[in-house]
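Computed from a predicted model, the values in this text were never measured in an experiment. Residue numbers start from 1 in every chain, and the chains themselves are labelled A, B, ... in the order their sequence lines are given, proteins ahead of strands.
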Number of protein chains: 2
Amino acid sequence: MVENDKQTEKKIFEAATEVFMEKGMDGARMQDIANRAGINKSLLHYYYRTKDRLFNEVFEMIFGHMLKKFAPVFDADLTLEEKIRFFFREHITFLQKNPRLASFVLHEINRNPERVRNFIGRIDIGRLWTDIEAQHKDELKKSNIRREDIPQLMTSIAAMSVFPFAARVLVKSILEKMGYDFDDYIEKRKEYAAEFVIGAIRKEKGIREKA
Amino acid sequence: MVENDKQTEKKIFEAATEVFMEKGMDGARMQDIANRAGINKSLLHYYYRTKDRLFNEVFEMIFGHMLKKFAPVFDADLTLEEKIRFFFREHITFLQKNPRLASFVLHEINRNPERVRNFIGRIDIGRLWTDIEAQHKDELKKSNIRREDIPQLMTSIAAMSVFPFAARVLVKSILEKMGYDFDDYIEKRKEYAAEFVIGAIRKEKGIREKA
DNA sequence: GTCTATAGAAGGATAGAC
DNA sequence: GTCTATCCTTCTATAGAC
């Protein structure tokens, strides 16, 4: 049945996504994936040949999905501050729905650098970069952000959003021991992170004007 | 030879630390560890019984070492701003010397939450927390930082320092494609991160004074 | 396309000689 | 304490029936 083919392949892919996200490539077992998909182990190989191929397809999907979440930042017709608020709202909500994603991607990236380079190679980052610079030339100048500071700023923004999820278990443990609720903390972070970054940027201007 | 006992045990421990940091618990092979230590596989079991025990000892050492790096923040006789500058200088330098540490710890933490809870259980976090609050009561009030914002601030500080290393391969790939040097970026981050956070905090005051 | 059975390899762990 | 040899389990992958 052709109907069933797609069904099965999809079920396998979804089961594999779950298991790989939970255990990572090295910790995942083909048997677990088969069980979760409700099919036989051999079928995995019938559809995907090897564990490696299956993992690669899953990883590329997830990593691509994650990078896509950054896209609006590069073309939205918004001011820099609006973009920052927009980004944190969307991105943290995305990670909220996929709490294991950050940790999974970071681990697998470091485990196999080649994969990342392949991926990065396919993107025209130079283009995105100059777009950002062009779009916000005035704002960057007003905030006294030099070209060489852009990597610092970009990674700081990513850090504010990703870290709480990447260190989820640790942060959650500590917060709960102090009587805070993790979900509530994340919800509040959408706004906090935006104001934090905007404040940091405004300050660059302030300090240098005084000097 | 008693001399050699310590020698061997230490060599094993060091080799294990390297291999576990590189491959993670699931990806590490006892054979690799034996090879790197220049001894036989059986000796690993002679000294550490199982892979699990060996891993646990390594993990506890690394995790403990990492947490210790946060200690000065809680008792140093410095102002809040001085502490922030001190922290980033010390902590980023520490991660610079152990570039795989962040990624390793984050992965293993999420893979086995129980381990973290054990560890956290042993620390009197409540005490540390109230110390921080007491030490900087006036400064926190001046910057209009409410008690409920402390988790946001603390995780933001950790994020600024840890993220570039946790996402090392990705950040490095992108920066290099744009003509930046990663090591240079990290070196500059020691100061950038501090000023970024201090700016963000000052701003909380500013915004609310205007309103 | 899906299953059962099994090959084949790898890895953790132990026994026993030295 | 250290090595060689080997056991035993687990896991990926394939062969072959239906």
Subject >> Non-neighbouring partners of A/Tyr46 that pass side chain to side chain contact (heavy atoms under 4.5 Å, CB included), sequence neighbours left out >> reply: A/Leu43

Original post:
Could you give the CG-to-P distance, from A/Leu44 to C/dC3, as a whole number of Å?
Top reply: 10 Å

Original post:
Residues in side chain to side chain contact (heavy atoms under 4.5 Å, CB included) with B/Ala16, at least two apart?
Top reply: B/Phe20, B/Ile33, B/Leu54, B/Val58

**OP:** Choose from D/dC3, D/dT2, C/dC3 the nucleotide whose nearest atom is closest to any side-chain atom of B/Tyr47.
**Re:** D/dT2

Subject >> Nucleotide-resolved protein contact map, nucleotides 5-18 of chain C, B/S/- at heavy-atom distance under 4.0 Å >> reply: B-----SBBBB---

Original post:
Please give, in whole Å, the distance from D/dT10 P to A/Asp26 CG?
Top reply: 19 Å

Original post:
Quick one: B/Ile39 CD1 to D/dT4 P, roughly how many Å, whole number?
Top reply: 11 Å

**OP:** Using atom CG of A/Asn35 as one end and atom C1' of D/dC11 as the other, report the distance to the nearest whole Å.
**Re:** 13 Å

Subject >> Nearest-angstrom distance from the residue atom CG of A/Leu43 to P of C/dC3 >> reply: 5 Å

Original post:
ring pair (Phe, Tyr, Trp, His ring centres under 6.0 Å) with B/Phe94: which residues, sequence neighbours excluded?
Top reply: B/His65

**OP:** Apply side chain to side chain contact (heavy atoms under 4.5 Å, CB included) to B/Gln152 and list each qualifying residue two or more places apart in sequence or on a separate chain.
**Re:** A/Tyr185, A/Lys188, A/Arg189, A/Tyr192

Side-chain donor-acceptor contacts of residues 117-125 of chain B below 3.5 Å, not counting sequence neighbours, with atom names and distances?
| unit_1 | atom_1 | unit_2 | atom_2 | d |
| --- | --- | --- | --- | --- |
| B/Arg117 | NH1 | B/Glu114 | OE1 | 3.2 |
| B/Arg122 | NH2 | B/Glu60 | OE1 | 3.4 |
| B/Arg122 | NH2 | B/Glu60 | OE2 | 3.1 |
| B/Asp124 | OD1 | B/Arg127 | N | 3.2 |

Subject >> Side-chain donor-acceptor pair present, B/Gln31, B/Asn35, cut-off under 3.5 Å >> reply: yes

